[in-house]
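As structure tokens, the structure follows; a few thoughts come after it.
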Amino acid sequence: MDDEYAEAVLALVEQIPPGRAMSYGAIADAVGARLGRGGPRQVGAVMSTLGGAVPWWRVVTVTGRVPPGHERRAYRELIAEGTPMTADGSRVDLRRAGWYPQ
DNA sequence: ACCTTGACCTTGG
DNA sequence: CCCAAGGCCAAGG
């Protein structure tokens with residue numbers, strides 16, 4: 001994982017608007033289209049170590065699950081932003097909250 | 001070179 | 001939706 005890749009991931013996460021979200025895989029696709037490498041796991045690796053500097057709670061799994069270890073903080077931020085959630089409030093509803101770089 | 005590990009994803013049941 | 005398998009990419013021992 002070099003700095004160029006990490007920077008590309010972080011720069012994209014910073015662009016996700018409040019109340020919206022992207023999956024690790026979608027981010028991997030967008031960054032991969034530009035740099036030609038990396039997958040969902042690489043995105044996860046970047047977020048786990050350098051994610052603290054960006055709105056990391058807007059990055060979820062493809063099923064809308066928030067990152068492990070920081071659920072409290074994530075739900076607080078997501079709800080405060082009015083992010084579309086599933087009926088039971090346990091996941092982000094990506095069908096409504098999903099965002100892709102414009 | 002081989003094996004293991006991961007803030008993952010898709011498919012099939 | 002859940003679970004199990006298999007795939008995936010990269011890093012590290």
Side-chain angles (χ1 to χ4, degrees):
Chain A
M1 199 71 57
D2 61 296
D3 291 352
E4 183 185 27
Y5 188 82
E7 276 307 313
V9 170
L10 297 175
L12 177 52
V13 173
E14 283 179 336
Q15 293 176 35
I16 304 174
R20 309 297 295 282
M22 275 187 89
S23 70
Y24 293 91
I27 293 171
D29 286 343
V31 173
R34 289 208 304 102
L35 303 183
R37 55 200 162 93
R41 313 195 79 127
Q42 279 56 246
V43 173
V46 171
M47 292 308 288
S48 72
T49 59
L50 307 169
V54 296
W56 52 266
W57 56 89
R58 296 173 194 156
V59 181
V60 300
T61 69
V62 75
T63 54
R65 198 168 267 148
V66 307
H70 300 282
E71 294 85 353
R72 285 288 167 67
R73 177 73 187 286
Y75 287 127
R76 187 174 70 68
E77 299 286 359
L78 291 169
I79 293 172
E81 295 180 354
T83 309
M85 306 293 286
T86 55
D88 67 2
S90 68
R91 317 278 177 86
V92 168
D93 185 348
L94 268 186
R95 291 195 301 182
R96 289 184 290 149
W99 179 86
Y100 205 78
Q102 306 174 333

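Hydrogens, waters and symmetry mates play no part in the numbers below; they use all other heavy atoms, side chains included. Letters A, B, ... are given to chains in the order of the sequence lines, protein chains preceding strands, and every chain is numbered from 1.
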Rounded to the nearest angstrom, tell me the gap between atom [atom1] in [X] and atom [atom2] in [N].
X       : N     : atom1 : atom2 : result
A:Arg65 : B:dA7 : CZ    : C1'   : 12 Å
A:Met47 : B:dG6 : CE    : P     : 19 Å
A:Glu71 : B:dA7 : CD    : C1'   : 10 Å
A:Glu77 : B:dA7 : CD    : C1'   : 17 Å
A:Arg41 : C:dC9 : CZ    : P     : 11 Å

Please give the distance between the P atoms of B:dA7 and C:dG6 as a whole number of Å.
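These two P atoms come out 22 Å apart once rounded.
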What about A:Ile27 and A:Trp99, same hydrophobic cluster or not, with Ile/Leu/Val/Met/Phe/Trp/Tyr joined at side-chain heavy-atom distances under 4.5 Å?
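Yes; A:Trp99 is reachable from A:Ile27 via cluster members.
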Are A:Val66 and A:Val62 connected in a single hydrophobic cluster, I mean Ile/Leu/Val/Met/Phe/Trp/Tyr linked by side-chain heavy atoms less than 4.5 Å apart?
no
Spatial distance of atom OG1 (A:Thr61) from atom CG (A:Leu94) [nearest 0.5 Å]
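A:Thr61 atom OG1 to A:Leu94 atom CG measures 7.5 Å (nearest 0.5 Å).
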Interatomic spacing from CZ in A:Arg72 to CD in A:Glu77 - rounded to 0.5 Å:
14.5 Å
Between C:dC1, B:dA7, C:dC9, which nucleotide has the shortest distance from any of its atoms to the side chain of A:His70?
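Given the options C:dC1, B:dA7, C:dC9, the side chain of A:His70 is closest to B:dA7.
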Ignoring the backbone of A:Pro67, work out which of C:dC1, B:dA7, B:dG6 is nearest its side chain.
B:dA7
Ring pair (Phe, Tyr, Trp, His ring centres under 6.0 Å) pairs, two or more places apart, involving residues 29-69 of chain A
A:Trp56-A:His70
Residues two or more places apart in sequence or in another chain: which of them pass salt bridge (charged side-chain N to carboxylate O under 4.0 Å, His left out) with A:Arg37?
A:Asp2, A:Glu4
Side-chain touch A:Leu12/A:Met22, heavy atoms, less than 4.5 angstrom
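The answer is yes; the side chains approach within 4.5 Å.
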Are any of the side-chain heavy atoms of A:Arg58 and A:Val92 separated by less than 4.5 Å?
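The answer is no, as the side chains (C-beta and beyond) never meet within the 4.5 Å cut-off.
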Using a 4.0 Å cut-off on heavy atoms, which residues in residues 23-39 of chain A reach DNA chain C? List them by number, or say none.
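Residues of residues 23-39 of chain A that come under 4.0 Å of DNA chain C are, in numerical order, A:Arg37, A:Gly38.
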How would you list all residue pairs meeting salt bridge (Lys or Arg N to Asp or Glu O under 4.0 Å) that involve residues 6-23 of chain A, not counting sequence neighbours?
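For residues 6-23 of chain A: none.
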A:Arg96 atom CZ, neighbour heavy-atom count above 12 within 6.0 Å:
yes
Please map the stems of DNA chain C, keeping only stretches of three or more Watson-Crick or G-U wobble pairs with both distances under 3.5 angstrom.
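Detected stem regions: B:2-6 with C:9-13, B:8-13 with C:2-7.
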N/O-N/O pairs, protein side and nucleotides 11-13 of chain B side, under 3.5 Å:
none

If you look at every strand shown and take non-hydrogen atoms under 4.0 Å, does A:Ser48 touch a base, only sugar-phosphate, or nothing?
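It contacts base atoms.
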